[in-house]
Amino acid sequence: MIRWLAGLIGFGLAATSAFAAEPVLIGVGYLGVATTRSTLSLVEQPAENDGIAGARLAIEDNNTTGKFTGQRFALEERRIKEGEDVVQAATALADKNGFIIADLPADALLKVADALRDRGTLLFNAGAIDERLREADCRANVIHTAPTRAMLADALGQYLVWKKWSRWLLVVGSHDEDKLFADAIRRTATRFGAKIVQERTFEDKGGARRTDSGVTLIQRQMPVFTQQAPAYDVLVVADESEVFGGYLPYRTWDPRPVAGSAGLVPRSWDAAQDQWGAIQMQNRFVKLNSRRMTALDMQAWTAVRMIGEATSRTNSGDVKKVTDFIKGPDFSVAAFKGTRLTLRDWNLQLRQPILLVDGRMVVSVSPQEGFLHQVSELDTLGYDRPESKCKLK
C-alpha cells in the first residue's frame with residue numbers, strides 16, 4: 001500500500017512537472033515594405049497594417065491550439081523603408097525566427113531567398129503574384145500563399161466562358177505589371193477557347209488622379225476611348241497600377257460588363273466572403289482591426305496557419321521537420337474556402353479557390369463546374385505540372 005501511494009505521488013509529481021514545462025517557442029518573422037500604394041478609390045486605400053494584421057490574427061489562432069500542444073508562437077515584424085537593405089533586415093529576422101512571412105516585390109524576395117538558403121529558413125511569399133517566382137526563378141525555400149496572375153486570370157476566364165461571354169475586348173495599362181496581367185489573360189483566352197477581338201492600350205500620362213472636374217472629364221473620356229470596338233461580350237481590363245481601370249464600369253461606349261482589374265475582379269479573399277464559416281473569421285478580424293479583411297491579410301493569415309498546422313501535426317518546432325511535412329503529401333490547411341488547401345509539390349504554390357467579386361458580393365468561386373482535372377480541379381487554375389518550368393533549387 002505504501003509503495004502504491006509512493007508510486008501514485010511520484011506519478012502526480014511527474015505529471016505536474018510535465019504540465020508546468022515551458023512551451024516550445026516558435027518564432028515567425030514578418031518582412032514587408034513600409035509604404036502602401038495608393039488606389040483610385042478612396043474607400044479602398046490600403047491600411048498601414050495590411051497583411052500584417054492577418055498574420056497577427058493567425059498567431060492568436062495558433063496559440064489557441066498551442067495551449068494543448070505545448071507550443072507558443074511569437075511574431076516579429078519588420079518593415080523595410082526605401083533604400084534599406086532588405087537582405088540585412090531578413091538576416092536579422094532569421095537570427096531569431098525559423099519562418100518568415102514575406103510581402104516583398106519579386107526581385108527583393110529572390111535576394112532574400114538566396115541569402116537565407118543555407119540557413120534553413122523557410123519563407124512564405126504572401127504578396128508577390130509574379131509567375132516567374134513559381135517558374136524559372138522558383139526557390140526550394142519559398143512557399144507561395146499568394147496566387148499567381150495566371151491563377152487569377154484563369155479563375156476569371158472560366159467564369160466568363162461558363163457565362164458564354166467568349167468575345168473579349170482587352171484594355172491594357174502602360175506599366176510593366178499591367179502587361180504581365182495582360183499576358184496571363186491572353187493565355188487564359190487561348191486555354192479556354194475565348195477570343196480577344198481587339199486590344200487597346202491606355203497610356204498613363206501622369207497628372208492628378210482626382211480633380212474637382214474629374215467626374216466630368218472621365219465621363220467624356222471613357223466612352224470615347226472604348227467606342228468603335230468590334231462586337232464583344234465583356235471588356236477585360238489589365239490595370240494593376242490602379243491608373244484607369246476603376247473608371248471603366250458604366251462608362252463604356254457599348255453597354256457591356258467590365259472584368260479583370262475592375263468590375264468583376266478575381267481575388268484570393270474579399271471582405272464579402274461569408275461562406276464555409278468565413279463570417280466567424282471576418283467578425284474576429286473586424287473586432288481586432290476595425291476594418292475589413294483584405295486578400296493580403298488572408299494570404300498572410302494562411303501562411304502563419306500553415307506553420308501552426310504543421311507544427312501541431314509533427315509535434316515539433318524544428319524548421320526542417322516542419323518544412324518537410326508542409327512539402328509532403330499529407331499536409332493540408334483549412335482556410336474558409338470550402339475545401340482544404342494543399343501544396344503543388346513541383347513549384348510550392350498553394351492550391352486555392354479564387355473568389356470573383358464585384359466590390360459588394362462574391363459573384364462566383366472558381367474553379368467552375370465542368371472544368372475537370374485528373375488530380376485536382378484546383379490545378380485548372382494557373383500553370384499545371386506538365387507546363388511548369390520550375391526546377392526547385
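In this chain, numbering begins with 1 at the start of the sequence shown.
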Check against side-chain hydrogen bond (donor to acceptor under 3.5 Å, both in side chains), Thr39 and Glu242: CA-CA 6 Å; Thr39 63; Glu242 287 274 352; 5.0 Å; no
For a quick test of reading the model, state the closest non-hydrogen atom pair linking [X] to [Y] and the distance between them.
X	Y	answer
Asp233	Lys164	OD2-O, 4.1 Å
Ala106	Ala128	N-CB, 4.4 Å
Val234	Pro257	CG2-O, 3.4 Å
Ile129	Pro147	CG2-O, 3.1 Å
Ala146	Gly127	CB-N, 3.9 Å
Ser316	Gln71	N-NE2, 3.6 Å

field: Worked check of side-chain hydrogen bond (donor to acceptor under 3.5 Å, both in side chains) between Thr294 and Asp297
entry: CA-CA 5 Å; Thr294 68; Asp297 289 319; 3.0 Å; yes
Within the structure provided, determine whether [X] and [Y] are in side-chain contact (heavy-atom separation under 4.5 Å).
X	Y	answer
Leu152	Ile354	yes
Pro353	Thr339	yes
Glu177	Asp130	no
Val237	Phe202	no
Val322	Leu122	no
Met222	Tyr250	no
Tyr232	Asp254	yes
Ile196	Arg186	yes

Ignoring hydrogens and angles, tell me if any N or O in the side chain of [X] forms a donor-acceptor pair with the backbone of [Y] under 3.5 Å.
X	Y	answer
Arg251	Thr226	no
Glu240	Leu180	no
Arg134	Asn347	no
Asp270	Ala272	yes
Asp239	Gly245	yes
Asn62	Val304	yes
Gln282	Gln273	yes
Glu387	Asp384	yes
Asn63	Gly66	no
Asp358	Arg360	yes

More than 12 heavy atoms of other residues, nucleotides or ligands under 6.0 Å from [atom1] of [X]: yes or no?
X	atom1	answer
Trp276	CH2	yes
Lys111	NZ	no
Arg292	CZ	no
Gln227	CD	yes
Glu48	CD	no
Asp85	CG	yes

Determine, for [X] against [Y], whether the closest basic-nitrogen to carboxylate-oxygen distance falls under 4.0 angstrom.
X	Y	value
Glu60	Arg56	no
Glu131	Lys389	no
Asp379	Arg351	yes
Asp183	Arg149	no
Asp154	Arg191	yes

field: Evaluation steps, side-chain hydrogen bond (donor to acceptor under 3.5 Å, both in side chains), between Gln299 and Thr145
entry: CA-CA 6 Å; Gln299 287 154 199; Thr145 58; 5.7 Å; no
field: Residues Trp168, Thr188; criterion side chain to side chain contact (heavy atoms under 4.5 Å, CB included); working and verdict
entry: CA-CA 11 Å; Trp168 303 351; Thr188 292; 4.0 Å; yes
task: Identify whether NZ of Lys or CZ of Arg in Arg313 sits under 6.0 Å from the centre of the six-membered ring of Phe331 and within 45° of that ring's axis.
output: no
query: When you check the side-chain N and O atoms of Glu82 and Thr35, is any donor under 3.5 Å from an acceptor?
result: no
- prompt: So, Asn141 and Arg119: side-chain donor and acceptor under 3.5 Å apart, yes or no?
  reply: no
Drop me the distance from [X]'s [atom1] to [Y]'s [atom2], to the nearest 0.5 angstrom.
X	Y	atom1	atom2	value
Glu77	Ile101	CD	CD1	11.5 Å
Asn289	Arg284	CG	CZ	11.0 Å
Leu123	Leu104	CG	CG	8.5 Å

message: For a side chain to side chain contact (heavy atoms under 4.5 Å, CB included) check, start with the C-alpha distance between Leu133 and Arg139, then their side-chain angles and the critical distance, and finish with the verdict.
response: CA-CA 7 Å; Leu133 293 174; Arg139 298 291 188 270; over 6 Å; no
field: Candidate pair Ile143 and Leu350, rule side chain to side chain contact (heavy atoms under 4.5 Å, CB included), full reasoning
entry: CA-CA 8 Å; Ile143 288 172; Leu350 188 69; 5.7 Å; no
message: Assigning hydrophobic clusters by single linkage (Ile, Leu, Val, Met, Phe, Trp, Tyr; side-chain heavy-atom cutoff under 4.5 Å), is Leu109 placed with Ile100?
response: yes
message: In this structure, would Leu356 and Leu160 fall into the same cluster of hydrophobic residues linked by side-chain contacts under 4.5 Å?
response: yes
message: Please determine whether side-chain hydrogen bond (donor to acceptor under 3.5 Å, both in side chains) holds for the pair Ser241 and Asp178, giving the CA-CA distance in whole Å, both sets of side-chain angles, and the decisive distance to 0.1 Å.
response: CA-CA 7 Å; Ser241 306; Asp178 306 333; 3.0 Å; yes
- request: Under the side chain to side chain contact (heavy atoms under 4.5 Å, CB included) rule, what do Val172 and Phe181 come out as? Steps first, then yes or no, please.
  value: CA-CA 9 Å; Val172 185; Phe181 189 35; over 6 Å; no
Ring centers of Phe336, Trp301 separated by less than 6.0 Å: yes
